[in-house]
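Just so it is clear: chains get the letters A, B, ... in the order the sequence lines come, proteins before strands, and each one is counted from 1.
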Amino acid sequence: MRLTDTLTGELVELPPPKDGPIGMYVCGPTVYQRAHIGNARPYVVFSWLANWLRYRGYDVTYVHNITDVNDKIYEAAPGHSAERARDATQWYLDDTDAFGLGRPDVLPLATETIPEIVGLIEQLVASGHAYESEGDVYYRVTSFHSYGKLSGQRPDQVEEQEPNPRKEDSRDFALWKANKPGEDTSWESPWGLGRPGWHIECSAMAAKHLGPEFWIHGGGMDLVFPHHENERAQSLAAGHPYAKVWMHNGLLRFTGEKMSKSVGNVASIQDVIAEWGAETALLFFLTAHWRKPIDFSPETMAAAKAQADSFRNLSVSIKAGGTPLNEWSRVEEALDDDFNTPAVLAVLHEWRSRGHISLVTKGLDIFGLGSLTSEKPAPHEIVELADRRLAARAQHDFAEADRLRTEIEAAGWEVRDIPGAQHQILPRT
RNA sequence: GGCGACGUGGCCGAGUGGUUAGGCAGAGGCCUGCAAAGCCUCGUACAGCGGUUCGAAUCCGCUCGUCGCCUCCA
């Protein structure tokens, strides 16, 4: 199993399963509003990856954090940020549950990790990697020799936009922030009342649930700098070897519609699943390699739906389909090679056209799409209409047959004729 | 300005030196009472310019373009 690592830019080979468990830490959303479809990409991709690693025999612990204390939450819900965070966390769980991929093993909240966060900051202060200043605590960037290595940023090029006199150096970043007016959540600390900075939350949560060293750290490409760069600086300075592989998924781009994040009218996960269904949404993510950007638009979603339909139709198509040997290894090879889902999709289409339904189903199952090829029995009244249509056809009463077909379609079902005066009934999509 | 990702046939999208990727859309045909589904046939692409090589979409350089990040957006 090989995966592209952001730090080195190269493929890293995972050890065999017998060598120990695989810890995966993936950055989840800041919960302040309904999550948009772009937020779903890391959830989906890393859920698939965890699933695949388990299939391959690995003992996986998948940790997916929820950032529930943050400026954005204070801004979104002045005076009742905790309540908003609680609500938005539930929205996120509801929305991602709808994909049917299950939940990560651990979904830690920043607000439930305060003691560990404070402890980690104390350790950094004690070792000279951080310093207190008027109730804030800042990380001393110059104290960490390989700052910038993950993102390729040169420390001398990182500049602050607004000067902050409490910092020793403009590149330093906050580990702890003193409570400010208008912030309705705060915790006691050795530096007074305040709340954690964003980056330290993840360093603490990862260590708490996976230990000081683990295999995979994932998240969106937009988090490489500063978030992950800073996490790395904090954790390594604290003596944690931290992640061995950094995986960053490509961003989802909103195109073809008048949507932009700044305007705030981007499609939510909820909207997309309501409009297109979870299966089409999953197939959409499957079409692009996880590292590449992907465009979200009516056109690309329609194309994904067409592909999903082609797999659905396999369940009712009549094929010979032999019993191929060693075909499954093609899926294994594609996924073991940097988790190449588009390559798998090509293999699945090939099997589909050859009628290898059990192989296709087995492949789709990895991605939570096994339902595409499963039969959905029609209700009795629909079956009865379809049988009457069959009888009408047999008597060449085509007007009646067409009328019944229209009636069946109006009820949300579709009849397809197959040789031998038979038919099959499936839901319309 | 700095750093990073990317640029493949109408569209989406694999492919890290030499073999047909695959899908969607479209055209023609078969099947069908008519459809639907399915099946058959049809596309020789790799931003541009140089270079390396017997040979490059694939390696190197430059140019152009798109996108992301640059202190709290997955």
Which is true for Glu414(A) with a 4.0 Å heavy-atom rule: it touches a base, it touches only sugar-phosphate, or it touches nothing? sugar-phosphate
Would a line drawn from the ring center of Phe339(A) to the ring center of His289(A) be shorter than 6.0 Å? no
Name the nucleic acid region contacted by His227(A), choosing base, sugar-phosphate or nothing; use a 4.0 angstrom heavy-atom cut-off, strictly under. nothing
Across the strands shown, which category fits Gly218(A) at heavy-atom distances under 4.0 angstrom: base, sugar-phosphate, nothing? nothing
Does any nucleotide pair with rA25(B) by Watson-Crick or G-U wobble geometry, both distances under 3.5 Å, and what is it? none
Please give me every residue in residues 67-74 of chain A whose heavy atoms get under 4.0 Å of an atom in RNA chain B, ordered by residue number. Asn70(A), Lys72(A)
So what does Leu252(A) touch, heavy atoms closer than 4.0 Å: a base, only the sugar-phosphate, or nothing? base
Could you check whether the side chain of Asp417(A) and the base of rC34(B) have a donor-acceptor pair of N or O atoms closer than 3.5 Å, going by distance alone? yes
Counting any heavy atom closer than 4.0 Å, what does Gly38(A) reach on the DNA or RNA strands: base, sugar-phosphate only, or nothing? base
Sort out the partner of rC59(B) for me: Watson-Crick or G-U wobble, both distances under 3.5 Å, none otherwise. rG51(B)
How many whole angstroms separate atom NE2 of His289(A) from atom P of rC6(B)? 10 Å
So, Tyr139(A) versus Tyr131(A), ring centres under 6.0 angstrom or not? no
Using Watson-Crick or G-U wobble geometry with both distances below 3.5 Å, tell me the partner of rC67(B), or none. rG4(B)
Nucleotide opposite rA14(B) in a Watson-Crick or G-U pair, distances under 3.5 Å: none
Check: His64(A) ring centroid to Tyr92(A) ring centroid under 6.0 Å: yes
Output yes when Asp402(A) and Arg405(A) qualify as a salt bridge under the 4.0 Å nitrogen-oxygen rule, no when they do not. yes
Got a donor-acceptor pair under 3.5 Å from the side chain of Arg405(A) to the base of rC34(B)? yes
Is the closest basic N to carboxylate O distance between Arg2(A) and Asp337(A) below 4.0 Å? yes
Please report the distance, rounded to the nearest Å, between CD1 in Ile294(A) and P in rC12(B). 11 Å
Leu286(A) atom CG is separated from rA14(B) atom C1', nearest whole Å, by 12 Å
State whether Asn340(A) places a side-chain N or O below 4.0 Å from either non-bridging phosphate oxygen (OP1 or OP2) of rG15(B). yes
Counting only side-chain N and O atoms of Lys292(A), is one of them less than 4.0 Å from OP1 or OP2 of rG7(B)? yes
For rG38(B), what is the paired nucleotide under Watson-Crick or G-U wobble rules, both distances under 3.5 Å? rC30(B)
Taking the ring centre of each residue, are His199(A) and Phe173(A) less than 6.0 Å apart? yes
Would you say the rings of His396(A) and Phe398(A) are close, in the sense that their centroids are separated by under 6.0 Å? yes
